[in-house]
Amino acid sequence: MSTLRLILGDQLSPEISSLKDADKSRDIILLCEVFDEAVYVKHHQKKIAFLFSAMRHFAASLSDAGWNVDYVRLDQDGNSHSFSGEVARAVERHAPESVIATFASEWRVLTEMRDWENTLPCAVELRDDDRFYCSLDEFATWADGRKQLRMEYFYRELRRKTGILMSGNDPIGGQWNYDAENRGRAPDGLEVPKHTSFVPDDITNEVLNLVEDRFGDHFGKLRPFEFAVTHEQAAYVLDRFIAERLPLFGTYQDAMVEGEPFMFHAHIGLYLNCGLLSPQQAIIAAENAYHAGAAPLNATEGFIRQILGWREFVRGLYWLKMPEYAEQNALEAHRPLPAFFWTADTKMNCLKQCVSETRDHAYAHHIQRLMVLGNFALLAGLSPKEVNEWFMIVYADAYEWVELPNVSGMALYADGGVLASKPYASGGAYIERMSNYCRSCHYKVKQKNGEQACPFNYLYWDFLIRHQDRLSGNARMGMMYRTLAKMSDEKRAAILTDSQRFLSELS
Ligand code: DLZ
Ligand code: SF4
């Protein structure tokens, strides 16, 4: 008898655990496009198109390799539009002996999967997702008994375990982290390589028409659609990155330039997170470039840390802390998301640029997400639920396991310090240092108070005042609270007046 092997949209890896020991002569591989997944949050149009096209291409490559693939299209008659419904229908069609699936990457879907054992008339086997360097058991063991969970220490252990960028027991170059060299401001006229783009083929064009037709009311610009949608194309994006961008990736990692959405970033998160690229592929390619003398250590280490350190760490943390993690709101932030997060219609140029690029590309690089969008949400006290939903919707690389810890933990401090040692809060000066956004802004970044002042400036102090009870004891915030303590009453009053005016206009 046959086995039905399910592959979800973010499991598009030939080496996925659900396919291990599969038998081409008997087994059936199931992929399904379902409405539920596209609308539980109303994903960016490009994100839906990307996943449907990548799923269709992966299914075609499996068929070409001789597998028996059952692919359910969104508009197929009888589509029940849920994973549970489609697995049940496929079990009826094929009467398999068992269903094998890899654990879903999101709590919401895993909960649904766990029920299949009770609802399906056949055996169900759920397997670990082993496409990570660190298993969930290993992470739990590492975290056990620690007072604080910090990425840096976790990352060092993984470096030691894997030998990546190691020389015996020591990190290559003598340091674990070279971020001190990774804070360059982009000089005027800096030439950024053209980002890698692809012309849609027939499969993608069909998907684009479907998305336009069925999800045309979702946020985001669907066309031009230039993403890679196959493993080969994603590997090509990685190759181009290593050759053209990695050498300066470190130096300009935090830099933002108007009209340059991709800068020296790899733009591979969407491919890693759905399986078109493996983390090993990306890390080995970067390490090889370093050893060949084609990329400096600060860039190579910084890039590898994003994948080996940060990506693995947030995944471990997500599974350790769910489902409570999604409910956290340590700073009791309840303000609704302002309309400009959808329209980009704001006089704050940094936000306008970051939202516009997000709308056009379903992408913004990490410092735009953290220093501009996340920082604003933190200072303005926006509701973590609404901010998380926005990040889930708008970015093509977003799945809850990676999005939630980054937003609730790193950007909003909604977890009260589980992930980050202090809130990532900053005024306008830091945005000005790292970008050229302030030059064409309606507001004056050097001005601290008044109608023309950069709102980040007074919102920053207003945030510190609002959360003094909770944050003033944090050693890493000590200097800022000492500055606040010396502030005159007039200055404090001006901060409160400006913040109240700005925030009331916001809602
Ligand atoms: C994001 C997404 C979308 C938009 N559509 C589908 C789909 O139709 N079929 C599918 O298998 N996966 C889709 N995905 C990705 C899933 O949301 C993702 O695999 C799960 O949330 C992981 O738990
Ligand atoms: Fe953003 Fe303030 Fe600079 Fe304007 S002045 S771009 S609001 S940081």
Side-chain angles (χ1 to χ4, degrees), residues 6-12 16 30-56 58-59 71-76 79-83 86-87 101-113 129 207 210-211 214-215 218 256 258 270 273-275 318 322 340 346-354 362 368 371-373 375-376 379 392-393 395-403 426-448 452-460 502:
L6 172 69
I7 300 211
L8 301 181
D10 62 350
Q11 299 179 340
L12 308 180
I16 191 82
L30 174 70
L31 290 99
C32 42
E33 296 171 6
V34 293
F35 216 69
D36 271 7
E37 289 306 298
V39 300
Y40 75 92
V41 295
K42 292 178 77 178
H43 293 294
H44 194 299
Q45 296 185 46
K46 268 199 170 89
K47 180 178 188 178
I48 303 174
F50 164 64
L51 267 187
F52 284 8
S53 179
M55 286 170 66
R56 290 185 185 192
F58 185 53
Y71 191 96
V72 180
R73 286 174 169 236
L74 190 83
D75 45 11
Q76 195 166 303
N79 189 333
S80 63
H81 291 298
S82 75
F83 285 143
E86 283 318 286
V87 171
T102 295
F103 279 110
S105 70
E106 298 184 330
W107 183 270
R108 173 184 63 86
V109 182
L110 184 63
T111 309
E112 190 177 332
M113 267 184 168
D129 188 344
V207 166
L210 174 77
V211 171
R214 305 296 294 272
F215 307 105
H218 286 209
M256 299 175 279
E258 203 165 316
L270 74 171
N273 295 349
C274 78
Y318 174 79
M322 280 299 280
F340 69 72
T346 164
K347 290 189 281 192
M348 298 173 76
N349 191 41
C350 51
L351 285 163
K352 187 186 196 67
Q353 296 305 323
C354 294
Q368 294 177 303
M371 194 190 291
V372 177
L373 297 158
N375 185 23
F376 180 81
L379 299 185
M392 272 298 295
I393 287 174
Y395 293 118
D397 49 43
Y399 299 87
E400 195 185 58
W401 66 268
V402 61
E403 174 278 326
S426 80
Y430 204 58
I431 296 174
E432 197 214 1
R433 175 141 35 107
M434 297 317 304
S435 79
N436 63 2
Y437 293 148
C438 303
R439 287 183 196 166
S440 38
C441 186
H442 163 85
Y443 296 104
K444 307 278 171 265
V445 71
K446 298 266 189 278
Q447 210 167 305
K448 306 294 182 215
Q452 280 282 295
C454 165
F456 278 99
N457 291 341
Y458 48 77
L459 288 177
Y460 174 75
F502 179 86

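Every number for a ligand or one of its atoms is a count from 1 in the order of the listing. These numbers come from the heavy atoms of this one structure, side chains and all, not from hydrogens, waters or symmetry mates.
- Where the criterion is an N or O separation shorter than 3.5 Å, residue side chain and backbone included, Tyr40 fails it with respect to ligand 1.
- Taking only nitrogen or oxygen atoms, main chain and side chain alike, Glu106 reaches within less than 3.5 Å of ligand 1.
- Contact annotation: for Glu400 versus ligand 1, there are no heavy atoms closer than 4.0 Å.
- For atom 3 (C) of ligand 1, the nearest protein heavy atom (residue, atom name, distance) is Glu37 CB, 3.8 Å.
- Between Leu373 and Tyr395, the shortest heavy-atom distance links the atoms CD1-OH, 3.3 Å.
- Side-chain contact between Cys354 and Tyr437 is present, with heavy atoms from C-beta onward closer than 4.5 Å.
- Given atom 19 (O) of ligand 1, the protein heavy atom at minimum distance is Asp10 OD1, 2.8 Å.
- Backbone and side-chain nitrogen or oxygen atoms of Val34 are examined, and one is located within less than 3.5 angstrom of a nitrogen or oxygen of ligand 1.
- Residue-level proximity to ligand 1 for Gln11 is absent, since no heavy atom of it falls below 4.0 angstrom.
- Atoms of ligand 1 found under 4.0 Å from any heavy atom of Ser105, numbered from 1 in the order shown, are 22 (C), 23 (O).
- Near atom 3 (Fe) of ligand 2, less than 2.8 Å away, sit the protein N, O or S atoms Cys438 SG.
- The heavy-atom pair separating Leu8 from Ala104 by the smallest distance is CD1-CB, 3.9 Å.
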Check your understanding: Could you walk me through whether Phe215 and Phe35 pass the ring-ring contact (aromatic ring centres under 6.0 Å, His included) check?
Key -> CA-CA 10 Å; Phe215 307 105; Phe35 216 69; 5.3 Å; yes
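- Of all the listed residues (Ala38, Gly9, Cys32), Cys32 holds the heavy atom that lies closest to atom 7 (C) of ligand 1.
- With ligand atoms numbered from 1 in the order given, ligand 1 contributes 5 (N), 7 (C), 8 (O) to contacts under 4.0 Å with heavy atoms of Phe52.
- For the side chain to side chain donor-acceptor pair (under 3.5 Å) test, no residue two or more places apart in sequence or in another chain qualifies with His44.
- For ligand 1, the atoms closer than 4.0 angstrom to any heavy atom of Ala104 are 23 (O).
- Counting the atoms of ligand 1 from 1 in the order shown, those under 4.0 Å from a heavy atom of Leu8 are 11 (O), 19 (O).
- In this comparison of Val211, Thr102, Leu51, the heavy atom closest to atom 1 (C) of ligand 1 sits on Leu51.
- Contact check for Lys446 versus Asn457: no side-chain heavy atoms found under the 4.5 Å cut-off.
- The heavy-atom pair separating Phe502 from Met348 by the smallest distance is CZ-SD, 3.7 Å.
- Contacts between Lys47 and ligand 1, counted as non-hydrogen atom pairs separated by less than 4.0 Å, are absent for every part of the residue.
- Between Phe340 and Phe376, a ring centre-to-centre spacing shorter than 6.0 Å is recorded.
- Atoms of ligand 1 lying under 4.0 Å from any heavy atom of His43, numbered from 1 in the order shown and given with element: 1 (C), 4 (C).
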